[in-house]
Structure formats: C-alpha cells, structure tokens
Amino acid sequence: MKYDYNQIEPKWQKYWEENQTFKASEDKSKPKYYVLDMFPYPSGAGLHVGHPLGYIASDIYTRYKRAKGFNVLHPMGFDAFGLPAEQYAIQTGQHPAITTENNIKTFKDQFNKIGFSFDWSRQVETCDPKYYKWTQWAFIKMFESWYDKEHNKARPITDLVAAFESHGNSSINASCAETKSFTGDEWKRFSEKEKQTILLNYRIAFLADTTVNWCPALGTVLANDEVKDGVSERGGHPVEQKVMRQWSLRISAYAQRLLDGLETIDWSESIKEQQRNWIGKSVGAEVAFDVKDNDLKFEIFTTRPDTMFGVTFMVLAPESDFVSKVTTEGQKAHVDAYLEIVKKKTDRDRLADVKNITGVFTGAYCVHPFTGKEIPIWIGDYVLGGYGTGAIMAVPAHDSRDYAFAKHFNIPIIEVVSGGDISEESYDAKEGKLINSGFLDGLEVKKAIAKMNDEVEKRGLGKKKTNYRLRDAIFARQRYWGEPLPVYFKDDLPYTLKMNQLPLELPEVDAYLPTEDGDPPLARAEGWEYELSTMPGFAGSSAYYIRYMDPHNEKALASKEAMDYWKDVDLYVGGSEHATGHLIYSRFWNKFLFDLGFSPVKEPFKKLVNQGMIQGRSNFVYRKKGTNTFVSAGLKDQHDTTELHVDVNIVDNDFLDMEAFKKWLPEYKDAEFITEEVDGEQKYKCTFATEKMSKSKWNVVNPDLICTRYGADTLRLYEMFLGPIEQAKPWNTNGIEGVHRFLKKFWGMFYDQEDKYLVTEDEPNAEELKVLHKTIKKASEDMENFSFNTTVSAFMIALNELPKGCHKKAILEPLTILLAPFAPHQAEELWSALGHKESVTFSSWPVFEEKYLVESTYKYPVSFNGKMRYLLDLDINMSKDEIEKAVLEHSDSQKYLDGKTIKKVIIVPKKIVNIVVG
RNA sequence: GCCCAGGUGGUGAAAUUGGUAGACACGCUAGACUUAGGAUCUAGUGCCUUUGGUGUGGAGGUUCAAGUCCUCUCCUGGGCACCA
C-alpha cells in the first residue's frame, strides 16, 4: 500500500469524531492537565498557514500529555464579537451573526482537516447569549463590588454601604475618585440619588466622566491597548482625546497584584517585561510647594526627591485645573493663547512634536521649602494631565526633558548630583554624590532619596507615594456587534439587571450604523431601554478559559466541582501581541473573580508559550513600464521596470510558472517574458521578500492546499520542523519534501511497494534497541521543553540509524507512539496495522531504559597544550594512570610530544585528556 | 532615548549548558536505477591558496579548552515612549 494520506486522514478524522475520542470529563483518577489555545476571531478570509502554528504545537503537547497519563482538557471556541463582521454588516446589511456563523463553520472544517484533538463538545462562542450571559454576570458583579485597599481585595458594595451607615467614609480606604468625606449621619440623610452617585465612584465597574480615546472614523471609544502611535490598531484611523461619560473597570486597583503575580508564573521574560512596562510602577514622593502670595499648595510627584535643591522651575500640564488658579493677570493673555494652540493638537501631533519644546510662564511663583527661593511656575505640554498630580518640579540638571525646556527658555540650571558633565546634556543617572544641596551634601543618591523623604514627611510637606501608569479600562464601545451592557437608567443613574433577567440579548436593528443624532446603533432598536453602548472586545475573552471547564452550566459560569478539578490553565499558547491587552485583562478579571470566591486560583495561566508569527514570503515580477513584458530578476536592471507582487502559488523555488501567470489575471493573458538562462534552461526568476501574510501581497498560503498535496501530517510535521516555536519565521514551502519523505520512509517500514505487511515479531538486537531508546530519551526531553523541531529531527535520525530492513514490531510500536502527537493520522493507521483495536491516543508514552544507552568506552579528545590532536577510545572506568599509559602508547603521541616532557596530565572524566608539555 | 530578544554554511537550523561546531533537513554536485514521476537509492557538500590553514557579527579577556563565561562595540527584530 502506498502512503495514501488523502484516504487515511479523513478516515481517522471521522473515527475520532464518531468515537468522541477527545472528549474530556472530570476523571479524578488521573492528574489533570489543561492546554488552551487563544481562541481565534473567525475572520472571513479563513486560515492561512501561519494561524495553525500555535494550534499544532498545543495539539502535539496535548497528545503527548495524554500518552503520559494525564487527563487533558483541550477545548476550542471562537472570539466571535468584533469589528470586521460589523463593518461587513454595515456594507452589506447582512446580520453579523450570519457572517460569523458561516466563518465559524469554515474555521472548524479547516481545523478538523489538520487533525486537531479538540473536545468540540465544549465549544464556546462569545456571541452566543448562553455564553455572554456570564460575561454580563461578571460585569454586574463588578458593578456590585468595590476595592478595599485595606484588605487588598474586591468586596461586595453592601459591605461598603453598611460601613457608610455606621461611620461614613472617613475610615474607608478604597480605590475611588471620591475625596469628599461624610459621616454616618450625613450618609443616612443623603437622598437615593446622592447615595447612588457616591457609590458609583467606588464601584469596580463604574460610569464616570473620563478622558477617552475617541476614534471618529470608527465612531467609538477605544482602550489604551487598542491605540498604537495615536491611531486605532484596527484600521489605522486617527484617535483623539475627549472627555466622555463612559463605563470603566477599575483595573488600576489591581496594579500591584498584577505586578506581583508575574513572579509566580512561567511566562517568557519579554512578555512579563511588557506587562511591567504597561503597569509602569514608579516609587517616589508627593510634595506640596507653597505658592507665593497665595494660600494654594502646588502638589507634584517626583521619583527624585534627592534633587530637590536643583529645582529651578515648576511645570503644569496644560489640562490641569491649577492653571486658571495660579495664572496672574499680566500673563493671562499669553497663557490663554498657548492653551488654545495645545487644544488643537491631536494626540498624534503631540507625539510627532516631541522635539518641539513649547510652554508659557504663568506669572506665578512657588516658594522652595528648603531654600526659600522663588521658583517660577510654567505650563508645558510635556507634562501629562493624567499622570501623578499633573504637575512636576523641574530639575534641569538631572532630567533630559527639563534640561531641554530650561535651555529653550533660558532658565537657570543647578547641578546637585556630581558625576556628570551638565554643560551639554543633563546627568540623569541615579549615581553620584549630592552637591549644592544643604543637608544632603556628600550623600549617595540612594541615601539622599531616603533622607529627603524623611525630611519631607517630618516637615509635613508630603509623603512617599507609588504611582502606576496603568489606567482604568474603558468598558464600552459605541458599536452594535458586542455584548449589551445589562444596565438601565433611572433618574440618570445606572442600575443593573437581576440575574433572572440575563442574558440581555442583543436586539435587532434596521442598520448597524449610529443614529442621525450620533447615538450608538442600539438606539435604533425598538423599545430598547437599556445602555446603548456594548462591551469591548476583551470582555468575552476574559474568562472563557473558566467557561470551558463547564460550558453548558446554566446556573453558574462553571460549577465549583469543575473549577476545583481543572483549576487553571497549565499551558496557554498564543501570540505575544496580546501582552498588554487580553493577557492583562484576563488576569485582572480572574483576580476579581478570585476575590469573590468564583475562581480558585490567583493566576489563570501557569505557563505561557508565544508562538512566533509566520510571515509571508512574497514574490515579485518586473514589468517593463508601459508594456506587458516581464523581465526576469537577473536582467531587471537593464530595463525601466515596475515591481509587482505575484501570487506565490504560481511560483516554485522563485521560478515563475509562465503559463500559469498568463491565466492568473485577465490583464496578463498576453504577457511576454524576457527570461534568463539558469542551468541551461530559459527561466523566469522572481525576487522575494519577507512580509506579513496578507491577501493584497499575494503571499497567502492556504493550509488546505498543503493538506491536499502532502497531507495534514506533513503540514503538522513541517510547521514544527521550521524552527523553534517561539521564533518568527517566513513561510517557505521549499523544505516540505524532507518531512514528507520521512513519513513515506516510516510507512515503508510497515509496508512494501506491493502492499505486503513487513512487520515481524523478531527480537530486536542491541543496536536497534540503542537507537530506539536514544530516540525515546531525546523525544521525551524535547517534548517537555517544547523543542518540537529537534524532536522531528530525532525521528529522522532514528530512521537513518536503524539497520536496513528493520521491520521489528518491538521497535516500530514504540516509535509509532512517539510519532503520534506529530502525525496522528498515520500513527493511527499504523497502530491499527500493528493489531491494536483502540486509538493510539490511549496508548502510553514509552519509557527509555538507560541500560540500552550505556557505553563502556568513551571517545576522549586528547589534546597537547590545549590543542586537540586525536580521539582515543578509552574505558570510562579507567584510572588516571591507566589513561595516561594508554595515551602514551598511542602511536601519534610521540609526534606531538616532539621530544619534550610531560609536565601535567589533566583528565576530565568523560570529557577530555589534556597533556601539558614543555 | 529606555527595556527585552537575537546574530552560527547557499537556506531553515542543531550543539548533551565550557569539551570533536554545523546534527537533521532543504538546496547544490556526481553517479545508479527506472514503465520518465515533482519517484527512489548511493556518494560528496562551511570557507581557503587543501598532506595544511581557517571558521559561530567585530575587538579584547578568563581557561588546558569558548558559539557557550566576562568587558567593550556593531547590526537585526520586538515592545514602551514626554510617565517626572
């Protein structure tokens, strides 16, 4: 029998489906293991070969873990709410649910063709009301909770109300915007509206006037991680800052815990670092300066209190309320003019203008608390309103931005930390001794910071303070295709629905566009009396890993039993592009559920593996300008040509299939070619480049095509063979023959050309056993390290090393099990050929035995004066003297001794013999 | 500017963590076989001036021994970016 993958693969896919081979249940007799993939957004374009990389890796690991005796949960679902389906709906009027459903079907078909071992009985879709009921539920829980900084956890809002009733808010240490204090009696006298307004400030899901990223082109607000370089991540539309009343989640309350949690999980350092950056912890002090001739206190945040004596000016953010309070009559006109200019700038302009220094003097002065000197207060757009206090003390000698500002406006610069040269640039390093700083003189920076902090607190000027860059997450989009927020309004205040009213289903609308008044699309729905915004994209993906544990539960997100069994995700595989989005939101969401007792673990994803992106390998042809003649790459410089993308599917090894090219697009029907001679043949050579895989670049390779031509097993093996899983790499079909050949060879060990079954019951010999156990050892170790490319190599080496004509069952059977995670279809077929009735999935991973691998001799490199000369087979148990003797007896030794005497013999067991002569 | 990864043949990449650099595969070269298939098999393939020399981006250093450790430096990819 020929290796007929096109017949084998559908056969086993059907078998797995019919026998529900991969269905997981809470089997308490086995240890659990949870392997999760980041579920895909089902886009209309279907899968390209880059998508399955991570899924193949996780599937291989899943199958391996099953063989190792684990009860593995390996589910799949779809992140189905999102912009593309909605944009498509706007254009065509087709309901996004229909588009989404079709796309999901395509995705599932493609997945199944690759032979993934998903437990489809647990499939979830975020747009399914039965699913988003629990997204809405979590939102309501957040609405009904506040963050207690005292106990460092979320607590029910009812606790807070009870506390307010008994003693007001003075002793409450909560994450909130409210600063006004009230007593218990005052609270009781507040009207319902006043009470609710106050409570809204404390809720973890809250509605407030917030500065948001508004994207006019998309007609919606965006979260910080959805904005890159001042434009929207999707579509690249400009984004502006705007104050709007919006729903937010108080993720900032969790900043420290999100930071601490990183220490406990097995993620790559680069993702952890990205999250640390995003959270942006900085430890410093808040200090209040007196404003001259005024009762006002000018509050600033600094991480360098040690440089206090170097302050020569203060800077306010343009958007600070303080601006109007301190500006003098004389400067008012200048200040207003400046604010007008700043206001017109979008975020983008501000980013682009970083080097342009702008600012204006307010006319007011602070009084330096230690020197008593007057310090001018400026306004500058390099200070941000939303961070710290929106104001800084400027130390030009030791901060590059302050330095640039001071130079530009001719403000004095005072050096207070020695060690640098401040004539050309500031000295920002936290190293050196303090000078010109009164009581700090002579101290090292670190000690000076501590001393200044003490002094500031002693004099009541301020206190130590930690700031985080992490902002609360805007939790609303003015869009149709998302989860409705389960909220209605009474007296202009929000209230959430009761549990029995969930899910609040997405209503039908006549068009998916905003109304003429500029309200979100939900305003078009008849009789809709709820919140008009929907939830953002990250809502549905924040707790889906919990839902998989118990996906059909109608009473809870998941039952306690299911959660206590599966607990957390042991291995999470997905792209690193979610580092500051989904992976932060999900951790936050889980911590919130943990606080309320709905999640049993502090961190949801124990180990994270980020598969590298597979880029496209684009091919180009060169058209002579104004003609339909194409010039081969080697000759293109002799003509005036235009570079054009060509479909990579009609290019083989960079040589263009010219006939296929003529048929490719109608305009090339009569194309002519100027070819070049390659190996005696006239060929058309294309150039290539590595780019992102996309339709417009004609470099998309469809996995279905590979499956048809080589089989899914080859695709799986090849994608793993391409290189380390975490590395980004271009797709190149050139090497696929190699792994395909390997599969054919392995098949050939079971069947010959005439379909004769060759496997025998013969006893294997020592050499064969050695090869087998070497392979088991290598494969087992590599599997644990996710080094799948070297595992594939190990298989190939095994086949090369096995003696010709080895068809012994005792060798082939364990090899089949090793191969099964990679090439499951072929493994199943061969497994059943070996006489097994059950799926290879239920076989157990072979154990290697050291005894087959032990060698009695070891090849010792023998070196003279450090120079490697020859290899010598020595018994590993030889004594030092015996080794020395053996070396001297070797015929080459005298040659290298060259009449000199041996001074020293260094023997590193199992490593090397080094002779020092002289 | 700051932070994180990486730099090894024509190509994708290995290297038991300091011990024969380039496993495995692609490609290429030569040959065999053939009912000519995009098949299979055999041998060779880092580079050079080839009985030898040299070689892991570059320059130093530690060591009997360095792709691996240390110092400096140059590139490439990714992230953050007026965060005080």
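Below, read A as the first sequence line, B as the second, and so on, with proteins coming before strands; counting in each chain starts at 1. Just so you know, these numbers use all the heavy atoms, side chains as well, and skip hydrogens, waters and symmetry mates.
- Of the P atoms belonging to B/C72 and B/C2, the separation is 14 Å, rounded to the nearest Å.
- A syn orientation is assigned to B/G9, its glycosidic angle lying within 90° of 0.
- Residues passing the side-chain hydrogen bond (donor to acceptor under 3.5 Å, both in side chains) test with A/Y468 are A/Q256, sequence neighbours excluded.
- Distance noted for atom P between B/G53 and B/A43: 29 Å (whole Å).
- We find that CE of A/M720 is positioned 19 Å from P of B/A25, with the value rounded to whole Å.
- For A/F721, counting side-chain heavy atoms from C-beta on, the closest listed nucleotide (B/C80, B/A84, B/A25) is B/A25.
- Under the rule for a salt bridge (charged side-chain N to carboxylate O under 4.0 Å, His left out), the partners of A/D399 that lie at least two apart in sequence or sit in another chain are A/R401.
- Below 30°, between 30° and 60°, or above 60°: for A/F405 and A/F313 the angle between ring planes is below 30°, a parallel geometry.
- Under the 4.0 Å criterion applied to side-chain N and carboxylate O atoms, A/K770 and A/E801 are not assigned as salt-bridge partners.
- The gap from the C1' atom of B/A21 to that of B/U68 amounts to 11 Å, rounded to the nearest Å.
- Rounded to whole Å, the P atom of B/A81 lies 32 Å from the corresponding atom of B/A14.
- Listed candidates were B/A84, B/A14, B/C24. Nearest to the side chain of A/N789 is B/A14.
- Nearest heavy-atom pair across A/L339 and A/P318 is CD2-O, 3.6 Å.
- As rounded to the nearest Å, B/U76 and B/U8 have C1' atoms that lie 15 Å from one another.
- With sequence neighbours excluded, no residue satisfies salt bridge (charged side-chain N to carboxylate O under 4.0 Å, His left out) with A/K272.
- Residue A/N732 places none of its side-chain N or O atoms closer than 4.0 Å to OP1 or OP2 of B/C26.
- In this structure, NZ of A/K465 is placed 14 Å from P of B/A84, rounded to the nearest angstrom.
- A/Q615 has its CD atom 11 Å from the P atom of B/G77, to the nearest Å.
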Between the protein and nucleotides 2-10 of chain B, which nitrogen or oxygen pairs are less than 3.5 angstrom apart?
unit_1 : atom_1 : unit_2 : atom_2 : d
B/C3   : O2'    : A/E273 : OE2    : 3.3

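- Mapping A/G386 and A/V739 onto RNA chain B by nearest heavy atom places A/V739 closer to the 5' end of the strand.
- Base orientation of B/G37: syn, since the glycosidic angle falls within 90° of 0.
- With sequence neighbours excluded, the residues forming a side-chain hydrogen bond (donor to acceptor under 3.5 Å, both in side chains) with A/E273 are A/R276, listed by chain and number.
- Listed nucleotides B/A84, B/A25, B/A14 differ in distance to A/Y387; the shortest reach to its side chain belongs to B/A84.
- Residues satisfying the salt bridge (charged side-chain N to carboxylate O under 4.0 Å, His left out) test with A/R709, not counting sequence neighbours, are none.
- As rounded to whole Å, 18 Å separates atom P of B/G78 from atom CH2 of A/W278.
- Shown here, B/U50 is classed syn by the O4'-C1'-N9-C4 or O4'-C1'-N1-C2 angle, which is within 90° of 0.
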Tabulated below should be each protein N or O lying under 3.5 Å from an N or O of nucleotides 36-41 of chain B; please produce it.
unit_1 : atom_1 : unit_2 : atom_2 : d
B/G38  : N1     : A/R709 : NH2    : 2.9
B/G38  : N2     : A/R709 : NH2    : 2.7
B/U40  : OP1    : A/R741 : NE     : 3.4

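- Rounded to whole Å, the separation between the C1' atoms of B/U54 and B/G22 comes to 15 Å.
- For A/F822 and A/F795, the ring centers are positioned less than 6.0 Å apart.
- Here the P atom of nucleotide B/C26 and the CG atom of A/N734 are 12 Å apart, to the nearest Å.
- Identified under the side chain to side chain donor-acceptor pair (under 3.5 Å) test for residues 304-316 of chain A, with sequence neighbours left out: A/R304-A/D306.
- Residue whose closest nucleotide on RNA chain B sits further toward the 5' end, between A/S576 and A/A728: A/A728.
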Could you summarise the pairing of RNA chain B as dot-bracket text, marking Watson-Crick and G-U pairs under 3.5 Å with ( ) or [ ] inside the strand and | across strands? (((((((..(((......[....)))((((((.......))))))(((...)))..(((((..]....))))))))))))....
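- Distance check on atom C1': B/A5 versus B/U51 gives 45 Å, rounded to whole Å.
- The residue A/D402 sits apart from the nucleic acid: no heavy atom pair falls under 4.0 Å.
- Not counting sequence neighbours, the partners of A/Y338 by the side-chain hydrogen bond (donor to acceptor under 3.5 Å, both in side chains) test are A/T358.
- Annotation: B/A13 and B/U63 have their C1' atoms spaced 29 Å apart (nearest Å).
- Rounded to whole Å, the distance from CG on A/L470 to P on B/C80 is 14 Å.
- Between the OH atom of A/Y382 and the C1' atom of B/C82 there is a distance of 9 Å, rounded to whole Å.
- To the nearest angstrom, P of B/G1 lies 18 Å from OH of A/Y427.
- Not counting sequence neighbours, A/S576 has no partner by the side-chain hydrogen bond (donor to acceptor under 3.5 Å, both in side chains) test.
- Closest to the side chain of A/P724, from the set B/C24, B/G79, B/A13, is B/A13.
- Within the 4.0 angstrom heavy-atom criterion, no nucleotide atom of any strand lies near A/N467.
- For A/Y585 and A/H578, the distance between ring centers is not under 6.0 angstrom.
- Residues passing the salt bridge (charged side-chain N to carboxylate O under 4.0 Å, His left out) test with A/K729: none are found, sequence neighbours excluded.
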